[in-house]
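Just below is one structure, and these are the notes that go with it.
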Amino acid sequence: MKAWRIYHQAPATERPMRLQEIPRPQPLRNEVLIRITACGVCRTDLHIVEGDLPLRKTPVTPGHQVVGRIESVGSEVSNFNLGERVGAAWLGGVCGGCRYCISGRENLCEAAQFNGWTRDGGFAEFITARADFVYRLPDGFDDRAAAPLLCAGIIGYRALRQTGIENWLGARLGIFGFGAAGHIAIQISIHRGAEVYVATRDRGRHARLAEELGAKWVGNTFDRPPVKLDAAIIFAPAGEVVPAALASLDKGGRVVLGGIHMSAIPPLDYQLLYHERSLLSVTNNTREDGHEFLAEAASIPLRTSTEEFPLEKADEALIAVGADAIKGAAVITI
């Protein structure tokens with residue numbers, strides 16, 4: 001089968017990934033083999049390729065927003081049928097017995113496995129995945145539209161949960177950085193009744209998409225929204241945005257950091273945190289997050305904005321993501 005492989009890390013513009021012919025993987029007893037039809041391209045993939053995150057497996061195939069059909073199943077798998085459409089996301093497995101897992105915080109499991117980082121991912125024609133970490137996908141999304149739901153969507157959903165907002169009707173939410181996750185989170189928030197204020201450095205395609213999706217206000221990254229916010233989510237991997245987001249909060253507000261990697265946060269004036277403002281990171285997701293999000297996405301229903309790349313041009317998709325040149329989400333189709 002064809003698969004992109006990372007042997008060493010370098011800027012995406014240097015094209016460190018290699019497209020190779022490798023043996024088709026075979027599922028273990030608790031796994032399924034998925035014939036991939038689409039795979040979203042995430043900024044986390046870029047962090048792995050470029051070295052912001054260390055290689056945990058060498059070589060490794062990146063990609064963790066996988067949509068496809070069940071090709072075969074392991075001997076212990078009985079809950080999936082051949083040909084059934086499924087998705088595989090970032091979280092690829094947990095130990096199930098540590099204090100985090102048994103307390104409902106499997107996203108913090110020390111032995112967690114991740115598709116596209118510690119396991120081979122979806123920039124390929126096939127992938128094996130643990131059957132208990134595979135999602136059935138709503139019928140209302142075609143394969144390309146469904147792919148961004150599996151990370152941008154799920155992580156955005158968890159970030160919304162971590163804002164602490166309980167009464168969404170009339171709540172004021174800020175989104176700093178408006179890419180794949182932002183364009184999904186805004187739809188959930190508005191559907192729940194919130195006003196959304198978007199700050200983005202891209203005054204072209206990203207700003208237009210935010211306006212199309214119903215943002216109350218769209219400004220530059222460091223512009224102050226016209227009202228005080230109840231909460232803000234930073235999807236941009238830029239630590240220098242944190243003070244700006246904190247300065248936009250009302251008393252008791254919270255800034256949620258939605259990425260797995262972020263550049264250094266500058267020193268903070270205590271007044272930015274005073275009045276019980278807080279900072280909180282999002283780490284991975286639980287399967288509960290995934291199932292709840294997919295159900296809500298189908299009920300709205302969400303629409304995803306995607307730009308398509310063939311498998312052979314996955315390296316170009318990564319470069320485009322790094323350059324913020326995608327309106328919505330990049331998706332590789334196979």
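Thr118 and Gln113 form a side-chain donor-acceptor contact under 3.5 Å, judged by distance and modelled atom types alone. For the residue pair His47 and Asp52, a side-chain donor N or O sits within less than 3.5 Å of a side-chain acceptor on the partner.
When all heavy atoms of Phe309 and Ala330 are compared, the closest pair comes out as CE1-CB, 4.0 Å. Residues Gly104 and Thr286 come closest through the heavy atom pair O-CG2, 4.1 Å. Between Gly122 and Thr61, the shortest heavy-atom contact is N-CG2, 4.5 Å. Closest approach of Arg5 and Pro59 over heavy atoms only: NH2-CG, 3.2 Å. Among all heavy-atom pairs drawn from Gly156 and Phe235, the shortest one is CA-CZ, 4.0 Å. Closest non-hydrogen pair, Phe176 versus Leu229, comes out as CE1-CD1, 4.4 Å.
Side-chain atoms of Arg254 do not come within 3.5 Å of backbone N or O of Leu280 as any donor-acceptor pair. Side-chain N or O atoms of Trp168 include none that pairs as donor or acceptor with a backbone N or O of His191 at under 3.5 Å. Under the 3.5 Å distance criterion, the side-chain polar atoms of Trp117 are matched with a main-chain donor or acceptor of Pro54. Looking at Asn115, its side chain does come within 3.5 Å of a backbone N or O of Ala89 through a donor-acceptor pair. Glu50 places a side-chain N or O within 3.5 Å of a backbone atom of Ala12 that can act as its donor or acceptor partner. At least one donor-acceptor pair under 3.5 Å links the side chain of Lys228 to the backbone N or O of Ala247. Within the 3.5 Å criterion, the main-chain N or O of Ala244 finds a donor-acceptor partner in the side chain of Ser248. Not a single donor-acceptor pair under 3.5 Å links the side chain of Arg144 to the backbone N or O of Ala38. A donor-acceptor pair under 3.5 Å links the side-chain atoms of Gln9 to the main chain of Ile48, judged by distance alone. Looking only at distances, no side-chain donor or acceptor of Glu308 sits under 3.5 Å from a matching main-chain atom of Thr333.
Enclosure of atom CG in Asp139 is not indicated, since only 12 or fewer non-hydrogen atoms of other residues, nucleotides or ligands lie within 6.0 angstrom. Counting heavy atoms of neighbouring residues, nucleotides and ligands inside a 6.0 Å radius, atom CD of Glu276 does not exceed 12 of them. Around NZ of Lys313, the count of heavy atoms belonging to other residues, nucleotides or ligands within 6.0 Å does not exceed 12. Counting non-hydrogen atoms of other residues, nucleotides and ligands closer than 6.0 Å to NZ of Lys57 gives a total above 12. Other residues, nucleotides and ligands place no more than 12 heavy atoms under 6.0 Å from the CZ atom of Arg201.
Counting heavy atoms from C-beta outward, Lys2 and Glu21 have side chains that approach closer than 4.5 Å. The shortest side-chain heavy-atom distance between Trp217 and Val227 does not fall under the 4.5 Å cut-off. Within the 4.5 Å cutoff, the side chain of Leu209 has heavy atoms near those of the Ser305 side chain. No side-chain heavy atom of Asn167 sits under 4.5 Å from any side-chain heavy atom of Ile165. Contact check for Leu302 versus Phe141: side-chain heavy atoms found under the 4.5 Å cut-off. Here the side chains of Asp250 and Arg172 are not in contact, with every heavy-atom distance at 4.5 Å or above. Residues His183 and Val198 have side chains not in contact (no heavy-atom distance under 4.5 Å, counting atoms from C-beta outward).
Both Ile6 and Ile36 belong to a single network of hydrophobic side chains, linked directly or stepwise wherever heavy atoms of I, L, V, M, F, W or Y lie under 4.5 Å apart. Put simply, Val66 and Val321 are part of the same group of oily side chains (I, L, V, M, F, W, Y) that touch within less than 4.5 Å, one to the next. Connection of Ile34 to Leu311 is established within a shared hydrophobic cluster, with ILVMFWY side chains joined at heavy-atom distances below 4.5 Å, either directly or through further cluster members. Connection of Leu28 to Val32 is not established within any shared hydrophobic cluster, with ILVMFWY side chains joined at heavy-atom distances below 4.5 Å, either directly or through further cluster members. Using a 4.5 Å cut-off between side-chain heavy atoms of Ile, Leu, Val, Met, Phe, Trp and Tyr, with links allowed through other members, Val73 and Leu137 fall into different hydrophobic clusters.
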Verdict with supporting geometry, Leu150 and His64, side-chain contact (heavy atoms from CB on, under 4.5 Å): CA-CA 8 Å; Leu150 291 160; His64 56 272; over 6 Å; no
Verdict with reasoning, Phe114 to Leu91, per side-chain contact (heavy atoms from CB on, under 4.5 Å): CA-CA 5 Å; Phe114 303 100; Leu91 189 65; 3.8 Å; yes
Derivation and outcome, side-chain contact (heavy atoms from CB on, under 4.5 Å), residues Thr163 and Leu173: CA-CA 9 Å; Thr163 62; Leu173 175 72; 4.2 Å; yes
Residues Leu213, Phe178; criterion side-chain contact (heavy atoms from CB on, under 4.5 Å); working and verdict: CA-CA 11 Å; Leu213 293 174; Phe178 199 75; 4.2 Å; yes
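The structure places CD1 of Ile190 at 12.5 Å from CZ of Arg192, a figure rounded to the nearest 0.5 Å. Between the CZ atom of Arg205 and the CD atom of Glu307 there is a distance of 6.5 Å, given to the nearest 0.5 Å. Rounding to the nearest 0.5 Å places OG1 of Thr128 at 9.0 Å from CD of Gln26. Note that CG of Leu294 and CD1 of Ile154 are 5.5 Å apart. Values are rounded to the nearest 0.5 Å. To the nearest 0.5 Å, atom CZ of residue Arg119 and atom CD1 of residue Ile127 are 7.0 Å apart. With rounding to the nearest 0.5 angstrom, the CD atom of Glu296 is 8.5 Å from the CG atom of Leu160.
Between Arg130 and Asp132 there is a salt bridge, since at least one side-chain N of the basic residue sits less than 4.0 Å from a carboxylate O of the acidic one.
For the pair Arg18 and Tyr7, the cation-pi test (distance below 6.0 Å, angle within 45°) is passed.
Sorted by first then second residue, the side-chain hydrogen bond (donor to acceptor under 3.5 Å, both in side chains) pairs that include residues 80-94, not counting sequence neighbours, are Glu84-Arg136, Arg85-Asp143, Trp90-Asn284.
The side-chain hydrogen bond (donor to acceptor under 3.5 Å, both in side chains) test with Glu292 is passed by exactly one of Arg287, Arg161, Arg158: Arg161. Just one residue in the list Val41, Asp45, Thr44 forms a side-chain contact (heavy atoms from CB on, under 4.5 Å) with Pro62, and that residue is Asp45.
Residues His291 and Tyr135 bring their aromatic ring centres within 6.0 Å.
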